[in-house]
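Accompanying notes for the structure given below.
Labels below follow one simple rule: chain letters A, B, ... track the order of the sequence lines, proteins then strands, and each chain is numbered from 1. Since the model is a prediction, treat every value here as computed from it, not as a measurement.
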Protein chains: 2
Amino acid sequence: MTASQQTGRLPTHEVVYRRIREMVLFGELAPGQPVTIQGLAGDLGAGMTPVREAIRRLTAEGALEFQGNRRVCVPVLTLSQLDELAFARQSIEPRLAYLAAQRATPGDIAHLEAVDAELNRAIERGDVRGYLQHNHRFHEDLYALAQARILASLAGMLLLRVGPSLRVVCGRFGTYGLPDRHRDALDAMRAGDADGVARAIGADLQQGIDQIRQSLLAG
Amino acid sequence: MTASQQTGRLPTHEVVYRRIREMVLFGELAPGQPVTIQGLAGDLGAGMTPVREAIRRLTAEGALEFQGNRRVCVPVLTLSQLDELAFARQSIEPRLAYLAAQRATPGDIAHLEAVDAELNRAIERGDVRGYLQHNHRFHEDLYALAQARILASLAGMLLLRVGPSLRVVCGRFGTYGLPDRHRDALDAMRAGDADGVARAIGADLQQGIDQIRQSLLAG
DNA sequence: GGCGGAAGGATATGATCAAATAATCTGCTG
DNA sequence: CAGCAGATTATTTGATCATATCCTTCCGCC
């Protein structure tokens, strides 16, 4: 097919995995929504086998959840699970930010600033999807600088778990009027203050967690 | 088949997943050893599809690793990855131990003591596999008490990553003459000292990490 | 309200296709 | 003439699909 040129040499199950991952991260799949193998296979124009494999991966990462029987859905966060996520993220992500700050070159910082600028533009535009995408990109690219694959993969899984709920939050309240912790992180980065970067990232993700908590409490 | 009676109603891919997971945890698959789908399918008497799904899950959990091309093998830890694992485990597992201690009933503690007793018997017997199994069981059952599924799943993934190396270490040096941190943890648990339990577990896993580090440094 | 049957969907197999590595062969050079 | 390099084939293994079988659920009926 023509689309296979764009995907280069990536196997179908990998492409499907990334696609579904995006759907979870950026709110195309809402929390609680059931996911069927044949449905996805139809939508994505793939066979059932690659879709099955992608779903297994995403289930292992916590992006999807077995429903006891043999059904799969996007997990709905409870308050206590949100506490677990808050703890895990606060443990892992500031550390990654610290390591990243130590290794960042001026070019790396400029790149992150560009991503952050696009993020802010998306906010002003009221583009929720763009906001989520660039926010995720910012954290992902930052953590990649840390050159700590295991910790980064853990952080990726944690982001996957908060993704759907973040989407819901953004639909309700905006993200206006909140302090810009990314800006703080970038400033500290330019100043060579790795601890400051870690603190800023910790504050940033705490903001997101708190917003989700508000949303859960509101019902 | 006859074996399906023992497994109850578990789907094949789940059975295969648990089997391969055990092989990784308890040293039937050594670090660096290549893993082939068809080989496993033949050994386990299963079709390719369930094996593929199990491998995807285990790869997502870090128990197996893509080898760039399309080959899969048991990962070999580097020193810097060991540092990452040490940090992540020290962040997550003491917390789980703390939560578990708060919820543990006397019956729970008795169960853990029974597991620990079997562990010690395996050590005296020189039974490496038994030691690894009961050690894993001890941590797994302890963390299950915390009723924190997300943190427990993270801990499970971290244990999966150190499993193969632990096996190698046990083959070289014994585990003799090391302080018994499980005993410390259980004592603190009976005393209702959750912080003490967390400290003991932190010391326990640090011991394991240090042993692996010694082994890596020795080459 | 409990039971039976139909339908939708998940599981699992084997066949087929494609890719990567291993092995062999040929031709050239020292 | 021996040895090595490059290329080509062969074998092994992974990827994908189409299909058959089995659950689970839902709906109608008793």
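A/Ser91 places a side-chain N or O within 3.5 Å of a backbone atom of A/Phe87 that can act as its donor or acceptor partner.
The distance between atom OH of B/Tyr17 and atom P of C/dA12, rounded to the nearest whole Å, is 16 Å. At whole-Å resolution of the value, CD in A/Gln67 and C1' in C/dG9 are 15 Å apart. What separates CD1 of B/Ile37 from P of C/dA12 is a distance of 16 Å, to the nearest Å. A straight line from CG of A/Asn69 to C1' of C/dG9 spans 12 Å, rounded to a whole angstrom.
For residues 73-88 of chain B, the salt bridge (charged side-chain N to carboxylate O under 4.0 Å, His left out) pairs, not counting sequence neighbours, are B/Asp83-B/Arg213.
Residue A/Leu166 is tested with A/Leu25, A/Leu132, A/Val128, A/Leu159 for a side-chain contact (heavy atoms from CB on, under 4.5 Å); the sole match is A/Leu132.
The aromatic rings of A/Phe66 and B/His13 lie parallel to each other, with less than 30° between the two planes, well short of the 60° mark.
Taking for each of A/Gln38 and B/Arg71 the nucleotide of DNA chain D with the nearest heavy atom, the 5'-most of the two is the partner of B/Arg71. Positionally, the nearest nucleotide of DNA chain D for B/Phe66 lies more toward the 5' end than for the other of B/Phe66 and A/Arg70.
B/Arg57 has no carboxylate O lying under 4.0 Å from a charged side-chain N of B/Glu53, or vice versa, which leaves the two without a salt bridge. The existence of a salt bridge linking B/Glu22 and B/Arg18 is excluded, since no basic side-chain nitrogen approaches an acidic carboxylate oxygen closer than 4.0 Å. For A/Glu14 and B/Arg70, the salt-bridge test fails: no basic side-chain N is under 4.0 Å from an acidic carboxylate O. Ion pair B/Arg129/B/Glu28 flagged as a salt bridge, since at least one NZ, NE, NH1 or NH2 atom sits closer than 4.0 Å to an Asp/Glu carboxylate oxygen.
Take B/Arg149 and apply the salt bridge (charged side-chain N to carboxylate O under 4.0 Å, His left out) test, not counting sequence neighbours, and it matches A/Glu65. Applying the salt bridge (charged side-chain N to carboxylate O under 4.0 Å, His left out) criterion to B/Arg137, with sequence neighbours excluded, gives B/Asp141.
In the region residues 48-62 of chain A, proximity to DNA chain D at under 4.0 angstrom, judged on heavy atoms, holds for A/Thr49, A/Pro50.
Interface limits on DNA chain D: the 5'-most and 3'-most nucleotides within less than 4.0 Å of chain A heavy atoms are D/dA15 to D/dT25.
Within the helix from C/dG1-D/dC30 to C/dG30-D/dC1, the inter-axis angle between the opening and closing five-pair segments is 20°, rounded to 10°.
With 3.5 Å as the limit, one finds no donor-acceptor pair spanning the side chains of A/Asp210 and A/Gln214.
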